[in-house]
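Here's the structure we're looking at; comments come further down.
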Amino acid sequence: MGPGVVVTGLTLGALAVVSLLAFQANGAQDRAGAARPTVASTSTGPAASATPSASATPTVPPLPASSGSGTRVVYSAGNHFVWLVDPKKNPQVAAAFPVAPGSVEPAPGSYSVYSRTAAGTGTDGRKIEHVVRFAQQAGVVFGFGAALDDTTPTADPKAKTGGIRSSRADGQLLWDFASNGTKVVVVA
């Protein structure tokens, strides 16, 4: 085995470890269903929590009681938080994470994912990925997505944008969870 092969192997291994650590540091949930940071108790059941860490973990607001039933994505326009809910799993909240809203919020109600795009450009000109669209109101398209630069900037209030931004890791979770036809419930 030549030195180039060894260096390449070590480099790939190091990148894999760094990627895993970044994924875990971002509070993302693994596919096996490990708990996210702290999930507050809800009216539907007990709380789930991760093992304590050296750094403080943010508290996740409880799943809104008015968020409906069944498998769904719940978006709180007031708290700017998303919950991925699967009643067939334990815990039912598969993931929960903060998001940055666009300059316009969707009206509370029940919608369905109608369109998905793996990558594109947002209305703010940033490159985005994992776009999951669920509503159109007054000429504004509402959907979730993640900026490739992993930023969640404050939306320009002069522009009418409905893009709801998450981190890239959380965007991947939502992308994997919300196929076309998945219910999206928006609460105040």
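F142 is linked by a ring pair (Phe, Tyr, Trp, His ring centres under 6.0 Å) to nothing, counting only residues two or more places apart in sequence or in another chain. Judged as a side-chain hydrogen bond (donor to acceptor under 3.5 Å, both in side chains), and not counting sequence neighbours, S76 has no contacts. Listed by chain and number, the residues in a side-chain hydrogen bond (donor to acceptor under 3.5 Å, both in side chains) with T154 amount to none (sequence neighbours excluded). Residues satisfying the side-chain contact (heavy atoms from CB on, under 4.5 Å) criterion with S112, sequence neighbours excluded, are absent altogether. Listed by chain and residue number, D156, T161 satisfy the side-chain contact (heavy atoms from CB on, under 4.5 Å) test with A159 (two or more places apart in sequence, or in another chain). Take T117 and apply the side-chain hydrogen bond (donor to acceptor under 3.5 Å, both in side chains) test, not counting sequence neighbours, and it matches R133. Partners of T152 by side-chain hydrogen bond (donor to acceptor under 3.5 Å, both in side chains), not counting sequence neighbours: none found. Partners of F177 under the ring pair (Phe, Tyr, Trp, His ring centres under 6.0 Å) rule, at least two apart in sequence or in another chain, do not exist in this structure.
Without hydrogens or angle criteria, D150 side chain to R168 main chain gives a donor-acceptor distance under 3.5 Å. Side chain of E129 to backbone of G120: no donor-acceptor contact under 3.5 angstrom is found. Panel note: side chain R72, backbone S67; a donor-acceptor pair is recorded below 3.5 Å. Checking side-chain atoms of S166 against main-chain N and O of G171 turns up a donor-acceptor pair under 3.5 Å.
Applying the side chain to side chain contact (heavy atoms under 4.5 Å, CB included) test between R165 and each of T151, V99, D170, I128 identifies I128 as the sole match.
Note on residues 94-108: no pairs pass salt bridge (Lys or Arg N to Asp or Glu O under 4.0 Å), not counting sequence neighbours. Among pairs with a residue in residues 179-188, none fulfils side chain to side chain donor-acceptor pair (under 3.5 Å), at least two apart in sequence or across chains.
By the criterion of side-chain heavy atoms lying less than 4.5 angstrom apart, applied directly or through intervening Ile, Leu, Val, Met, Phe, Trp or Tyr residues, V104 is not grouped with Y114; the two fall into different hydrophobic clusters. Both V186 and V140 are part of a single hydrophobic cluster, where members link through side-chain heavy atoms under 4.5 Å apart.
The closest side-chain heavy-atom distance from V184 to V113 is below 4.5 Å. Counting only heavy atoms from C-beta outward, the side chains of F144 and V73 approach each other to under 4.5 Å. Looking at V60 and W83, their side chains come closer than 4.5 Å, going by heavy atoms from C-beta outward. Considering only heavy atoms from C-beta on, V85 comes within 4.5 Å of V74 through its side chain. In this structure, P101 and Y75 have side chains that are in contact, with non-hydrogen atoms separated by less than 4.5 Å. Within the 4.5 Å cutoff, side-chain heavy atoms of P61 are placed close to those of N79. When side chains are defined from C-beta on, D86 does not count as touching Q92, because their heavy atoms never get closer than 4.5 Å. Taking the side chain as every heavy atom from C-beta outward, P106 and Q137 approach each other to under 4.5 Å.
Shortest non-hydrogen contact noted between A188 and P108 is N-CG, 4.2 Å. What you find for A155 and S103 is that their closest heavy atoms are CB-N, 3.4 Å.
Ring pair W175/H130 is tilted by interplanar angle, where 30° to 60° counts as tilted.
With 3.5 Å as the limit, one finds no donor-acceptor pair spanning the side chains of Q136 and Y111.
Note: R126 CZ to D149 CG = 5.5 Å, rounded to the nearest 0.5 Å. With rounding to the nearest 0.5 angstrom, the OG atom of S167 is 10.5 Å from the CG atom of L174.
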Would L84 and V93 count as a side-chain contact (heavy atoms from CB on, under 4.5 Å) here? Give the steps.
CA-CA 6 Å; L84 307 181; V93 176; over 6 Å; no

Assess whether side-chain contact (heavy atoms from CB on, under 4.5 Å) is satisfied between V185 and F134, documenting all intermediate values.
CA-CA 10 Å; V185 178; F134 62 89; over 6 Å; no

